[in-house]
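These notes are about the structure you will find just below.
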Amino acid sequence: MSIQVRYRLQRNAFRLDAEFTVPAHGVTAIFGPSGCGKTTLLRAIAGLETVDSGYLKIGADVWHDEHRCLAPHERPLGYVFQETCLFPHLSVRRNLNYGYRRCADARKRIKFDDAVELLGIGPLLDRGPGGLSGGERQRVAIARALLTSPRLLLLDEPLTALDARSKAGILPYLERLHAELDMPVLYVSHAADEVARLADQMVLMEAGRVLAAGPIQALLTRFDLPLAQSTEAEAIVDASVAAHDDEFGLTCVDFPGGRFNVLRRDLPIGRPVRLRVLARDVSLTLERQSGTSILNVFPATVAALFETGDARVIVRLDIGGTPILAQITRKSAVALAIAPGQQLFAQIKSVALLA
Amino acid sequence: MSIQVRYRLQRNAFRLDAEFTVPAHGVTAIFGPSGCGKTTLLRAIAGLETVDSGYLKIGADVWHDEHRCLAPHERPLGYVFQETCLFPHLSVRRNLNYGYRRCADARKRIKFDDAVELLGIGPLLDRGPGGLSGGERQRVAIARALLTSPRLLLLDEPLTALDARSKAGILPYLERLHAELDMPVLYVSHAADEVARLADQMVLMEAGRVLAAGPIQALLTRFDLPLAQSTEAEAIVDASVAAHDDEFGLTCVDFPGGRFNVLRRDLPIGRPVRLRVLARDVSLTLERQSGTSILNVFPATVAALFETGDARVIVRLDIGGTPILAQITRKSAVALAIAPGQQLFAQIKSVALLA
Amino acid sequence: MLSEADFIALWTTLKLATVATLILLCIGTPLAWWLAQTRSRLKAPCEAIIALPLVLPPTVLGFYLLIALGPAGPVGGLMQRLGGEPLAFTFTGLVIGSVFYSLPFVVQPLQTAFASIGTRSLEVAATLGASPFDRFFTIAVPLARPGFLTATVLGFAHTIGEFGVVLMIGGNIPGATRVLSIAIYDHVEAVDYASAHWLAGGLLILSFSLLLGVYSLNRHIAVIRP
Amino acid sequence: MLSEADFIALWTTLKLATVATLILLCIGTPLAWWLAQTRSRLKAPCEAIIALPLVLPPTVLGFYLLIALGPAGPVGGLMQRLGGEPLAFTFTGLVIGSVFYSLPFVVQPLQTAFASIGTRSLEVAATLGASPFDRFFTIAVPLARPGFLTATVLGFAHTIGEFGVVLMIGGNIPGATRVLSIAIYDHVEAVDYASAHWLAGGLLILSFSLLLGVYSLNRHIAVIRP
Amino acid sequence: ANAAEIRVAVAANFRFASEALAKQFEQATGHDVTLIFGSTGKHFAQIQHGAPFDVYLAADELRPRMLEEDGIAVGGTRFIYAIGKLVLWSPHDDVAATLESRLGRGDFRFLSIANPTFAPYGRAARQYLQSVKLWATIQPRLVRGENVNQAYQYVFSHNADLGLIAYARIKLPSSGTVGSYWEIPSTDYDPIRQQGILLKDTPPARAFIAYLRGEEARAIIESYGYTLP
Ligand SMILES: Nc1ncnc2c1ncn2[C@@H]1O[C@H](COP(=O)(O)OP(=O)(O)OP(=O)(O)O)[C@@H](O)[C@H]1O
Ligand SMILES: Nc1ncnc2c1ncn2[C@@H]1O[C@H](COP(=O)(O)OP(=O)(O)OP(=O)(O)O)[C@@H](O)[C@H]1O
Ligand SMILES: [Mg+2]
Ligand SMILES: [Mg+2]
């Protein structure tokens with residue numbers, strides 16, 4: 001089951017020529033600089049753009065090929081536009097109902113009250129969209145799209161107007177969505193932390209073309225892609241919950257290279273989780289050190305080095321088979337004589353448990 | 001010279017009652033959860049809201065008090081709205097010119113071509129605003145506001161639709177603005193990194209009221225405010241450029257507590273700079289360690305501890321008089337027996353040089 | 001003051017204005033919608049043709065309609081061959097004439113209103129599963145409400161006040177095609193100014209109340225635009 | 001086919017329609033703007049009053065205007081006391097009548113167009129230093145362009161085709177108040193159908209070309225809405 | 001006979017007389033007479049295109065003749081029902097003596113007439129003005145009503161000082177005349193012979209025409225300011 005996309009179109013000087021295939025579950029991040037065609041791609045997928053040629057297959061269903069092209073309202077998808085557009089003549093409640101009512105009862109998988117509560121828009125229900133704040137509008141638009149119980153969710157920078165606390169509430173729900181409802185999500189975002197947290201796959205775009213598409217772990221650590229080269233370089237570690245340390249409020253998660261201590265999360269033992277390790281949070285030491293506040297220290301092997309050209313060195317480490325990136329200064333790399341194959345210790349200052 | 005603001009108004013259930021005074025130079029971040037009244041406050045300052053009572057003084061000029069109230073077009077301010085609104089009937093160039101032309105030549109302090117180049121919108125100049133991408137629209141809106149050479153700049157989440165690279169180009173310019181042109185900025189943002197990077201002062205809002213206002217360093221490290229308690233806790237260090245290390249591409253900056261090595265930046269020796277130190281990038285060791293990739297290690301004294309309640313401990317360190325926050329697990333705090341007054345070493349994995 | 005004939009005329013007028021306005025809205029709405037959406041080359045010619053009846057003096061327009069609808073004319077002849085009655089001098093004929101003449105007053109405001117909605121709201125509705133038909137009624141029509149108000153008022157009022165066309169193809173037959181405007185005109189012609197004043201005054205007061213009601217109501221349920 | 005008198009009538013008509021349309025736009029624009037912006041209680045009554053002349057048959061309206069403008073009427077009397085000429089049977093009188101009668105066709109589309117602009121663009125313009133006057137002309141007017149087009153077309157065409165009012169207060173004086181609609185009407189009444197056809201046909205073709213030009217131009221410079 | 005409805009298209013100037021006639025006829029026969037007033041030209045066009053009128057009372061001879069020739073009207077039913085008189089009228093009461101000289105002196109602002117190209121009274125007014133050699137000079141001060149009624153209204157509203165209109169328009173049997181008038185010598189214009197014709201050959205319509213030609217009707221018509229042959 002996969003999502004196959006191929007769209008070509010031309011808008012004056014801008015040419016979109018995007019083709020990729022990603023699994024039809026989980027979150028696929030669409031990542032790329034401003035103006036590279038992310039919104040245009042989503043609009044094409046939603047059937048809102050006239051295209052030169054297009055092919056779109058979601059799982060077993062072809063939505064668009066030479067022979068047939070579903071009209072936008074025939075595609076069971078939810079779309080949160082980059083500029084939230086609430087219907088100005090309908091109250092918030094009726095905005096939400098607009099899509100909800102049009103979804104056949106048999107297809108409904110999301111309850112009205114659940115979406116309202118989750119997005120914290122209960123108090124707004126009977127207001128007009130006129131006086132809503134930017135963040136409130138965004139949350140209503142997300143709820144409205146979710147309530148159509150779509151088979152594919154398109155999110156175009158949906159959380160930009162939200163503060164960290166609101167985001168922290170919504171992100172886990174979006175994660176659950178694809179896990180529990182098996183609702184694949186295409187997610188445009190510039191926020192690396194959101195992407196790392198949510199995305200299983202990633203489509204990397206530039207100037208209307210797809211640079212690469214695939215599992216996020218692989219793309220994040222590939223030195224030939226801009227991600228691993230940036231100061232925001234990061235790696236994703238697949239692990240599973242091993243134990244809870246109630247005294248100190250920690251949770252232990254195991255991965256092939258060892259055990260992480262992270263802030264306690266109420267997850268069942270054995271539950272697979274994902275950890276995000278930022279390259280700049282990883283420091284290297286030649287000896288295992290004691291008397292440090294850093295809990296997560298692993299023996300590692302240097303797999304490869306990449307000089308960024310601005311005095312940074314990105315080191316790809318192999319920790320029990322899992323690739324992890326470390327970002328250090330060239331001065332340190334020279335001082336520690338880092339070279340491929342070398343054995344050393346990786347101190348990981350902080351790590352985010354994602355799911 | 002200061003900016004004095006006091007506005008009261010009521011919109012159905014929402015009540016804004018905001019009062020604060022901040023210096024009339026540098027960037028003042030306005031920070032608070034979605035729906036707390038940030039946009040409403042900026043609109044009141046721009047004269048776009050009818051208010052119950054208001055007082056606004058910028059430097060020596062009163063813009064609003066009981067006796068007089070300048071109309072919006074009489075207030076020499078630039079305002080980038082949360083929803084960028086370009087005039088749909090004007091090309092990008094004429095959008096930019098709209099404010100530029102209306103600014104008296106004598107008052108002009110920003111050149112047309114400079115703003116265009118900086119925001120990378122040269123290729124868009126002769127297009128209509130219809131086909132622009134979200135990020136492109138935001139950049140045009142920023143340029144348009146800047147080109148009025150305002151005495152006060154109001155920015156309402158102006159960079160949300162921009163990718164990291166675009167931001168990286170615009171942020172230094174915004175910094176220079178207030179340094180070189182002495183243009184105070186009120187900046188609404190949910191992005192902690194932007195705020196820390198840009199802001200000199202901060203106004204912390206909640207539910208229509210101002211919780212605290214003052215220099216950002218003080219607000220960031222106050223345990224009674226939500227900032228220092230969050231996982232994004234951070235400290236700002238004022239320092240000055242001391243030397244350049246051309247071999248490794250590093251720059252050394254000194255602060256009262258010692259010397260930081262940061263990625264090389266072409267700044268003159270002696271130039272004051274600002275460093276952002278995230279609490280989660282700071283680890284503590286009892287002994288000074290060798291053989292580590294971490295370059296920045298300082299002897300420090302524990303000033304205070306704050307337990308967040310979720311197994312984290314925020315430690316306020318005193319490094320040569322400068323407060324710095326470290327976020328560690330309670331397990332580590334117990335293992336290292338951290339207590340106020342204790343002497344130890346702070347390892348700072350990464351640090352961002354801001355100006 | 002007013003005779004029974006005047007009340008019959010009032011009744012005929014209201015019936016005519018109501019029926020004509022309803023038909024105008026039924027024809028004008030899809031036409032305006034098409035004009036607002038299309039990129040066809042036919043757009044400008046169609047717009048011009050719709051506005052065209054305006055430039056002819058109503059009596060002359062009525063004259064040509066008379067020729068067309070009369071037994072010798074193309075429409076009337078066709079009707080007769082199909083076994084129907086000729087349309088001139090019937091209520092149906094009046095309705096056709098009024099619709100023809102008032103069409104631009106209905107189409108143009110609607111078209112402006114539809115065009116000013118933009119496409120975004122309609123796109124959003126489409127992604128929420130609304131078919132073109134559905135979103136036309138649930139999004140386009142409510143958002144074009146001010147245009148509908150203008151169109152209805154102009155169409156209705158203009159049909160009430162219309163005179164030349166109606167006189168010409170109606171033939172001023174009491175109970176069938178004698179409308180209020182002709183009745184007032186008759187009173188003026190008969191130097192029965194008192195009746196004319198009464199009738200005109202009554203019509204004005206009635207219309208004013210009606211319009212005031214419509215506009216006040218409109219204000220109360222005014223659309224909040226973003 | 002057409003006499004010199006017909007050409008004089010054509011000229012008078014174009015002059016009348018142009019002058020009346022200009023005056024209509026000058027009066028209608030601020031009025032429509034005020035109506036679109038205000039929250040005054042007077043809004044609904046004003047809207048109703050503007051639409052009111054529509055419901056009266058033009059000839060009757062013309063009759064009342066004639067009385068009002070006559071030496072015994074309020075307006076005419078005032079004019080005379082101020083030393084001016086009476087307005088009936090003059091070109092000026094015609095213009096006044098036309099403006100009065102066509103006002104709703106200009107105000108209503110403009111008001112709809114102004115209302116649909118919303119406040120955001122105007123607020124942005126204010127923060128960019130544009131005074132209310134300035135932003136009215138640089139933002140509101142261009143964004144209301146479709147409304148201006150409709151208003152101009154309806155106003156102009158309606159003045160050309162107008163007949164009852166013009167006939168009544170104009171007096172059909174060649175070269176001064178005899179307009180084309182009256183000329184065509186005269187031909188019809190005189191059973192000179194050939195001349196009527198020629199004149200009406202010519203007017204239609206002329207108007208069609210004019211309208212086609214306007215609408216095609218409009219299409220080419222169509223505002224791109226977000 | 002059964003009561004039937006007779007629709008009569010009546011020239012506007014004959015309005016008051018026809019109302020009186022219809023009333024009497026209705027009382028006598030029990031038929032229902034519907035009078036439809038309008039300009040003769042408009043009625044003509046309407047009759048040509050199938051207007052459901054039974055009798056046509058025109059303001060001139062031309063239109064009934066054309067209808068007869070075209071076979072639209074019933075042949076041989078054409079007759080003169082009235083001959084109109086043209087008067088110079090002022091709405092002021094006491095100026096009858098000076099009216100003629102005022103016209104000659106040009107002591108007025110506007111003279112109102114019916115449209116001379118198609119309205120019979122307009123044509124008569126032109127013939128009169130031509131006969132007294134005023135036609136050319138008076139042009140800029142001539143206002144033309146669509147029909148004689150409108151010409152009347154111009155004077156009535158005091159916008160025109162004088163009017164050349166139908167005597168029948170100002171002579172009402174009930175209230176006498178309004179203002180003052182001077183009768184134009186009948187030699188100065190062709191007689192305004194108003195003809196009627198039968199459009200639908202039904203017994204009630206024939207009865208109405210027969211009534212119009214009767215003595216009773218003639219008396220009424222004359223009392224409204226017309227002459228008869
Ligand atoms: N009609 C048009 N004419 C010319 N260029 C166009 C047109 N429509 C879109 N474009 C260009 O296509 C590019 C892609 O736009 P798109 O909105 O897809 O970008 P994006 O990746 O979503 O950017 P952002 O992150 O800023 O929202 C932009 O550079 C835009 O200027
Ligand atoms: N007319 C109104 N009626 C009721 N509430 C209103 C009205 N106008 C604004 N509000 C409320 O005022 C609050 C403040 O809105 P504002 O736009 O200032 O928030 P904000 O701080 O900018 O939020 P965000 O970060 O989401 O943009 C919101 O909760 C909003 O719902
Ligand atoms: Mg986009
Ligand atoms: Mg806001």
Side-chain angles (χ1 to χ4, degrees), chain D residues 3 5-6 8-9 58-77 79-80 85-91 93-94 97 163-179 181-193 195-197, chain E residues 11-12 38-49 58-60 62-67 69-70 91-92 108-120 122-123 126 136 138-163:
Chain D
S3 65
D6 291 335
I8 295 178
T59 327
V60 174
L61 190 68
F63 175 66
Y64 284 118
L65 278 174
L66 202 59
I67 290 179
L69 298 181
V75 182
M79 288 292 292
Q80 244 176 0
E85 291 283 295
L87 292 170
F89 313 128
T90 62
F91 186 74
L94 274 200
F163 176 66
V165 173
V166 162
L167 184 61
M168 199 69 185
I169 65 175
N172 197 0
I173 301 171
T177 61
R178 184 173 196 255
V179 294
S181 52
I182 299 180
I184 302 178
Y185 176 77
D186 280 359
H187 288 308
V188 171
E189 288 275 297
V191 205
D192 181 5
Y193 293 146
S195 292
H197 294 341
Chain E
S39 85
T40 291
K42 204 172 290 159
H43 280 157
F44 175 73
Q46 288 175 331
I47 291 163
Q48 274 187 317
H49 293 96
D60 60 6
L62 173 70
R63 266 40 94 94
R65 195 173 64 229
M66 287 170 75
L67 289 177
E69 283 163 4
D70 291 349
H92 296 288
F108 59 93
R109 207 175 120 75
F110 285 113
L111 171 70
S112 160
I113 64 173
N115 196 312
T117 48
F118 54 81
R123 192 176 53 234
R126 184 182 60 200
I138 213 169
Q139 279 303 319
R141 298 203 269 166
L142 211 51
V143 294
R144 298 162 179 77
E146 176 192 348
N147 52 35
V148 72
N149 279 331
Q150 219 171 55
Y152 170 82
Q153 282 159 8
Y154 288 154
V155 184
F156 173 83
S157 65
H158 295 266
N159 283 291
D161 308 289
L162 299 174

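The structure presented is a predicted model; accordingly, all values stated were derived computationally and were not measured. Each chain gets a letter, A, B and so on, in the order the sequences are listed, and its residues count up from 1.
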**OP:** Could you look at E:Arg63 and say if it's the side chain, the backbone, both or neither that has a heavy atom under 4.5 Å from chain D?
**Re:** side chain

Subject >> Spacing of CZ belonging to D:Phe63 relative to OH belonging to E:Tyr154, to within rounding of 0.5 Å >> reply: 11.5 Å

Subject >> With sequence neighbours excluded, residues passing salt bridge (Lys or Arg N to Asp or Glu O under 4.0 Å) with E:Arg144 >> reply: none

**OP:** Applying salt bridge (Lys or Arg N to Asp or Glu O under 4.0 Å), name anything that partners E:Asp161, two or more places apart in sequence or on another chain.
**Re:** none

**OP:** Rounded to the nearest 0.5 Å, what's the gap from OG on E:Ser157 to CD1 on D:Ile67? Could you check?
**Re:** 6.5 Å

Subject >> CG on D:Leu66 to CD on E:Gln150, rounded to 0.5 Å >> reply: 8.5 Å

